[in-house]
*Asks:* 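Pasting in a structure now, in structure tokens, and then I'll have a few things to ask.
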2 protein chains.
Amino acid sequence: MTLSEEDYIKTIYHLSEFNSKSVATNAIAEQMKTKPSSVTDMVKKLSEKSLVNYKKYQGVLLSEKGRLVALSIIRKHRLWEVFLVDKLNFSWDEVHVVAEQLEHIKSDALIDKLDAHLGYPKVDPHGDPIPNKDGVFTKSVKKLISELPVGSQGVCVGVNDSSAAFLKFLDKNKIALGDTFKIMEIEEFDGSVTISTRSGSIRISKQIATNLFLEIVDEE
Amino acid sequence: MTLSEEDYIKTIYHLSEFNSKSVATNAIAEQMKTKPSSVTDMVKKLSEKSLVNYKKYQGVLLSEKGRLVALSIIRKHRLWEVFLVDKLNFSWDEVHVVAEQLEHIKSDALIDKLDAHLGYPKVDPHGDPIPNKDGVFTKSVKKLISELPVGSQGVCVGVNDSSAAFLKFLDKNKIALGDTFKIMEIEEFDGSVTISTRSGSIRISKQIATNLFLEIVDEE
DNA sequence: AATTAGTTTTAGACAAAACTAAATAATTGT
DNA sequence: ACAATTATTTAGTTTTGTCTAAAACTAATT
Ligand SMILES: [Mn+2]
Ligand SMILES: [Mn+2]
Ligand SMILES: [Mn+2]
Ligand SMILES: [Mn+2]
């Protein structure tokens, strides 16, 4: 598999991760910052290799084979992110671009030994699950703050947006994975949410609330 | 710089490392397992970018700029090798192929932090020096066993051939970097050498003697 | 049913890095 | 000195992944 093929497969996986509808050519092009015509060419090639199921004008979906390829690249990406943060002291907003390159290194032994060296982590620095060798991972029952009712309490376990800008915002506002939050009030008007933390109570905008995942501790 | 350009630059560096004569097209082709015509094309391109000095039919030499590029790739290659052996428990004969890929990862921050994480090593697992950020490294005064007279004593500090085959041979014969050897006898007929080690005396063939470096402790 | 806007595919071109085959330059042996 | 050999370059293709422009399709609106 070429680097380019791997990036396409991974993009298609992510675009169909939360809805099982077929992925549009334009969506792939936008995500990968290429042109739709380039996507068509590549999708044909991936289809030849049975990595995707593709019918003209009908969009594309990963085959089971393609899904496993995607998960193996995601596994590598996330393990490298853990390495960069835990061992090399990168901050969580810097690791994505580097992992984007490291995920393409081809060596099964390398990734096995890296996994062991890191103590077989289950999640990456952004709270995303790390698939095992066979592509199996536990999809945790986490919910966006914006989807929860007043009174919910939980541990912050992940981010929906893992752009450097958002992660830096969280750092600046002393919000980190592992923190426990309780939803105190939801403002009807603008969707902003008041949450209580160990160090007091803060107001977060709707945009923030739709990008932070909680794992519920006590439903009330 | 593309991956391919980087590999050419590195190859040219190594081919002119021990004699400052210009490097032949054929030599590069053989080393890189490509054809001479491909080398000519690439060398023209590198010349355009002032990474090499090239005149038709006259072979090629790295410019100062090219030399620095070569050393930065070699720095990355060797730091990754240290990482693989020291942190991930690879054996020294397995690391080269993986480092061949890792050396192309583009991130200055990554290599700085890796260097720090490893404790600023001065040599790689094969005894080869690791250049610093500015391409500076200490060329140690090591000599091949085959070049030394009877009575010389020194510490084994490097290998000339770092192929997996040779390194495995050394492991099997319990020869490792850091061992102290004394040259007891040189056989005129076949160039084989008898060396004494802590655990006794062994005979090594000329081929082995031309591939092991000693750092002399006591000239006698 | 026809028009239109938006999406997707086709066709043709390009750059990078390789190849083969043929031409040319350099070197070597007699 | 010159023919033979070897080394190197040129010319013309190939493959991969991209692009632009034009054509074809789909879906929504009249
Ligand atoms: Mn990538
Ligand atoms: Mn991540
Ligand atoms: Mn390489
Ligand atoms: Mn080495």
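A, B, ... follow the sequence lines: proteins, then strands. Residue 1 opens every chain. Not measured: the values here are computed from a predicted model.
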*Asks:* Just the rounded figure in Å: distance from P of D/dT6 to OH of B/Tyr57.
*Replies:* 17 Å
*Asks:* Taking the nucleotide of DNA chain D with the closest heavy atom to each, which residue, A/Lys56 or A/Thr34, is nearer the 5' end?
*Replies:* A/Thr34
*Asks:* Is the phosphate of D/dT9 approached by B/Tyr54 (side-chain N or O, under 4.0 Å from OP1 or OP2)?
*Replies:* yes
*Asks:* Looking only at side-chain N and O atoms, does A/Asn26 come under 4.0 Å of OP1 or OP2 in C/dG6?
*Replies:* no
*Asks:* Phosphate oxygens OP1/OP2 of C/dA18: is one of them under 4.0 Å from a side-chain N or O of B/Ser38?
*Replies:* no
*Asks:* Could you check how far CG of A/Leu3 sits from P of C/dA16, rounded to whole Å?
*Replies:* 18 Å
*Asks:* Once you round it to whole Å, what is the distance between P of C/dA18 and NZ of B/Lys44?
*Replies:* 15 Å
*Asks:* Would you kindly give the CD-to-P distance between A/Glu6 and D/dT16, to the nearest whole Å?
*Replies:* 15 Å
*Asks:* Can you tell if the side chain of B/His117 reaches within under 4.5 Å of the side chain of A/Asn89, non-hydrogen atoms only?
*Replies:* no
*Asks:* Please classify the nucleic acid contact of B/Ser4 as base, sugar-phosphate, or nothing, using heavy-atom distances under 4.0 Å.
*Replies:* sugar-phosphate
*Asks:* Using a 4.0 Å heavy-atom cut-off across all strands, classify A/Thr25 as base, sugar-phosphate, or nothing.
*Replies:* sugar-phosphate
*Asks:* Return no unless some side-chain N or O of B/Lys35 is found under 4.0 Å from OP1 or OP2 of D/dT9.
*Replies:* no
*Asks:* Within a radius of less than 6.0 Å around CG of A/Asp190, do more than 12 heavy atoms belonging to other residues, nucleotides or ligands occur?
*Replies:* yes
*Asks:* Please tell me if B/Tyr8 has a side-chain N or O lying less than 4.0 Å from either OP1 or OP2 of C/dA18.
*Replies:* yes
*Asks:* To the nearest Å, give me how far apart CD (A/Glu30) and P (C/dT8) are.
*Replies:* 11 Å
*Asks:* CG of B/Asp41 versus C1' of D/dT10: gap in Å, rounded?
*Replies:* 9 Å
*Asks:* Is there a donor-acceptor pair closer than 3.5 Å between any side-chain N or O of A/Lys65 and the backbone N or O of A/Lys49?
*Replies:* yes
*Asks:* Rounded to whole Å, how long is the line connecting atom CD of B/Glu48 with atom P of C/dA16?
*Replies:* 11 Å
*Asks:* Less than 4.0 angstrom between a side-chain N/O of B/Ser37 and OP1 or OP2 of D/dT10, yes or no?
*Replies:* no
*Asks:* Could you state the atom-to-atom distance from NZ of A/Lys33 to P of D/dC19 in whole Å?
*Replies:* 13 Å
*Asks:* Should B/Ile74 and B/Glu103 count as side-chain neighbours, where that means a heavy-atom distance under 4.5 Å?
*Replies:* no
*Asks:* Taking side chain as C-beta onward, heavy atoms only, is B/Val193 less than 4.5 Å from B/Ile183?
*Replies:* yes
